[in-house]
Chemist: 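The structure that follows is given in the form of structure tokens.
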Amino acid sequence: GLRSQIIARDATQLQEIAEAESLRLALFRTASKELLGPLEKVRANITLLTGSHERRSLDERNAVLAGIDTQVRQLTRLVVNLIDAGRLEAGEVTVRRESLQLGVALANVIDNVDTRGRVVECDVPGDLPSLFTDPVLVQRLIGNIVSNACRFGPVDQPVTIKAGVVGDFIQLLVVDQGPGMPAALREAVLAPFERLSGAQLNAGLNLTVASGFTQLLGGRLVFEDTPGGGLTVAVDLPITGPS
């Protein structure tokens, strides 16, 4: 009767609240772990610059400042990803479509991403059709994937980017030769964003946010094994937007 309906409704609301709290806790834990490393390095480098009375050469000071700049960029990317994860979970990301050349987007990404000393090789045909998509989201998702590949790929091996037309999609491959990713983590990252979980966030914010953006753009993101070892991330973006 009515009483059982009310109890069922209240139980559903309590479950939704619990899931939201679980997400906030996962975001907090992820942020805490990821933020501490770069913050400690920034603090140590600032102490190095200001805490010593001996005069340092200009080259030494510039090297320390370059380290601080790198660490602040890492922190900024992490904070942006945390904000994006929350916006995606809340359904607050707006898609604004226009014509985009993938080559232009890739050039912007490679200029701005922290490669951590890795070489990024781009093997993309110049005659790809234009995408009708959101340039900001495309560049953000590619930047996250490339950043992740540079984080886990060996320093002495390049990260390779390839692209081509597959049916009604442009397929982009980001190939690294790092340790790869276990199946359970792949499943967690690719779970639908309306059911975002702590497992997803801990699997890697970079790829979690990239997956969410790809879904919004009507595309798909797939993980494959790199021949010889490593992870290949394949992103299919619809050429004319979602059907």
Side-chain angles (χ1 to χ4, degrees), residues 73 77 80-81 84 88 93-181 185-186 189-190 193 204-243:
R73 284 171 185 262
R77 177 174 288 278
V80 167
N81 276 335
D84 284 341
L88 279 162
V93 180
T94 305
V95 177
R96 294 183 172 88
R97 297 183 189 279
E98 59 184 79
S99 181
L100 173 69
Q101 293 288 340
L102 185 64
V104 173
L106 284 170
N108 288 338
V109 166
I110 293 167
D111 281 346
N112 290 293
V113 78
D114 176 15
T115 63
R116 299 172 186 253
R118 276 70 170 173
V119 174
V120 178
E121 295 180 349
C122 220
D123 178 17
V124 176
D127 58 353
L128 287 175
S130 297
L131 289 162
F132 186 64
T133 190
D134 187 314
V136 174
L137 296 187
V138 167
Q139 289 179 56
R140 292 273 281 284
L141 77 87
I142 295 172
N144 276 13
I145 295 166
V146 173
S147 174
N148 200 73
C150 290
R151 180 176 182 176
F152 292 105
V155 177
D156 60 343
Q157 298 292 333
V159 169
T160 307
I161 302 174
K162 301 178 181 181
V165 177
V166 179
D168 296 328
F169 295 82
I170 288 182
Q171 184 173 80
L172 182 77
L173 301 177
V174 179
V175 184
D176 73 55
Q177 293 172 305
M181 182 187 281
L185 288 186
R186 297 184 188 193
V189 167
L190 297 179
F193 234 91
L205 266 178
N206 273 329
L207 296 179
T208 297
V209 171
S211 172
F213 283 166
T214 304
Q215 290 170 35
L216 270 184
L217 295 172
R220 52 183 176 253
L221 187 151
V222 179
F223 297 124
E224 301 168 356
D225 293 320
T226 302
L231 185 69
T232 294
V233 183
V235 178
D236 291 347
L237 294 170
I239 294 169
T240 57
S243 54

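Only heavy atoms go into these numbers, but all of them, side chains included; no hydrogens, no water, no symmetry mates. Bear in mind the structure is a predicted one, so any value in this text is a computation, not a measurement.
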Chemist: Does any donor atom in the side chain of Gln177 or Thr226 lie under 3.5 Å from an acceptor atom in the other side chain?
Modeler: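 No, Thr226 and Gln177 have no side-chain donor paired with an acceptor closer than 3.5 Å.
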Chemist: Report yes or no: does Ser211 contribute a side-chain atom to a donor-acceptor pair with the main-chain N or O of Leu207 at less than 3.5 Å?
Modeler: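 Not a single qualifying donor-acceptor pair exists.
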Chemist: What I'd like to find out is whether the side chain of Ile110 reaches to under 4.5 Å of the side chain of Val146, using heavy atoms alone.
Modeler: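 Sidechains of Val146 and Ile110: no contact.
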Chemist: Run Leu137 and Val93 through side chain to side chain contact (heavy atoms under 4.5 Å, CB included) and show every step you take.
Modeler: CA-CA 9 Å; Leu137 296 187; Val93 180; 4.1 Å; yes
Chemist: Please determine whether the number of non-hydrogen atoms from other residues, nucleotides or ligands lying under 6.0 Å from atom CZ of Arg116 exceeds 12.
Modeler: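 Atom CZ in Arg116 is crowded, with more than 12 foreign heavy atoms closer than 6.0 Å.
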Chemist: A side-chain contact here means heavy atoms from C-beta on lying under 4.5 Å apart; do Leu237 and Leu172 qualify?
Modeler: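 No; the side chains remain at least 4.5 Å from each other.
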Chemist: Decide, yes or no, whether a salt bridge links Lys162 with Asp123 under the criterion of side-chain N to carboxylate O below 4.0 Å.
Modeler: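 The answer is no: the pair does not qualify as a salt bridge.
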Chemist: Any side-chain heavy-atom pair from Val233 and Phe223 closer than 4.5 angstrom?
Modeler: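 Counting from C-beta outward, Val233 and Phe223 do come under 4.5 Å.
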Chemist: Does any non-hydrogen side-chain atom of Asp176 lie less than 4.5 Å from one of Thr160?
Modeler: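 No, every pair of side-chain atoms sits at 4.5 Å or beyond.
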Chemist: Report the distance from atom CD of Glu98 to atom CG of Asp134, rounding to the nearest 0.5 Å.
Modeler: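 Those atoms lie 7.5 Å apart.
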Chemist: Taking it one step at a time, do Val174 and Asn148 satisfy side chain to side chain contact (heavy atoms under 4.5 Å, CB included)?
Modeler: CA-CA 10 Å; Val174 179; Asn148 200 73; over 6 Å; no
Chemist: So which heavy atom on Val120 is nearest to which on Cys150, and how close?
Modeler: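 That would be CG2-SG, 4.0 Å.
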Chemist: In the structure I gave you, are the side-chain heavy atoms of Arg118 and Pro158 within less than 4.5 Å of one another anywhere?
Modeler: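 No, side chains not in contact.
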Chemist: Could you tell me the separation between the CD atom of Gln101 and the CG atom of Asp127, rounded to the nearest 0.5 Å?
Modeler: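 Taking CD in Gln101 and CG in Asp127, the distance rounds to 10.0 Å.
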Chemist: Restricting to non-hydrogen atoms, name the atom on Ser130 and the atom on Ile239 that form the minimum distance, rounded to 0.1 Å.
Modeler: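 Minimum heavy-atom contact is O-CG2, 3.4 Å.
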Chemist: Does Arg220 reach the side chain of Phe169, with side-chain heavy atoms less than 4.5 Å apart?
Modeler: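 Arg220 reaches Phe169 side chain to side chain.
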Chemist: Using side-chain heavy atoms (C-beta onward) and a distance below 4.5 Å, is Leu141 in contact with Val209?
Modeler: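 No. Closest side-chain heavy atoms not under 4.5 Å.
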Chemist: In Å and rounded to the nearest 0.5 Å, what is the OG to CD1 distance from Ser147 to Ile142?
Modeler: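 Rounded to the nearest 0.5 Å, the OG-CD1 separation comes to 13.0 Å.
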Chemist: Grab the two heavy atoms, one from Val113 and one from Gly143, that are nearest each other, plus how far apart they are.
Modeler: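 Distance-wise, the nearest heavy atoms are CG2-O, 3.7 Å.
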Chemist: May I ask you to say whether Arg140 pairs ionically with Asp84, meaning some side-chain N is under 4.0 Å from a carboxylate O?
Modeler: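 So Arg140 pairs with Asp84 through a salt bridge.
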Chemist: Report, as yes or no, whether the 6.0 Å neighbourhood of atom CG on Asp168 holds more than 12 heavy atoms from other residues, nucleotides or ligands.
Modeler: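 Count not over threshold, so no.
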Chemist: Any carboxylate oxygen within less than 4.0 angstrom of a Lys/Arg side-chain nitrogen, looking at Asp225 and Arg186?
Modeler: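 Yes.
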Chemist: Of all heavy-atom pairs between Pro125 and Ala163, which one has the smallest distance, and what is that distance?
Modeler: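 Result for this residue pair: CD-O, 3.2 Å.
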Chemist: For the atom pair CG (Leu100) and CD (Gln139), what is the distance rounded to the nearest 0.5 Å?
Modeler: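 Answer rounded to 0.5 Å: 6.5 Å.
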Chemist: For the side chain to side chain contact (heavy atoms under 4.5 Å, CB included) test, which of Leu217, Val138, Ile145, Val222 pairs with Val235?
Modeler: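 Testing each of Leu217, Val138, Ile145, Val222 against Val235, the sole residue satisfying side chain to side chain contact (heavy atoms under 4.5 Å, CB included) is Ile145.
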Chemist: Does a side chain donor of either Asn144 or Arg77 reach within less than 3.5 Å of an acceptor in the other side chain?
Modeler: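 On atom types as modelled, these side chains qualify, holding a pair under 3.5 Å.
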Chemist: Quick one: are Asp236 and Leu221 in side-chain contact, heavy atoms under 4.5 Å?
Modeler: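 No - every pair of side-chain heavy atoms lies 4.5 Å or more apart.
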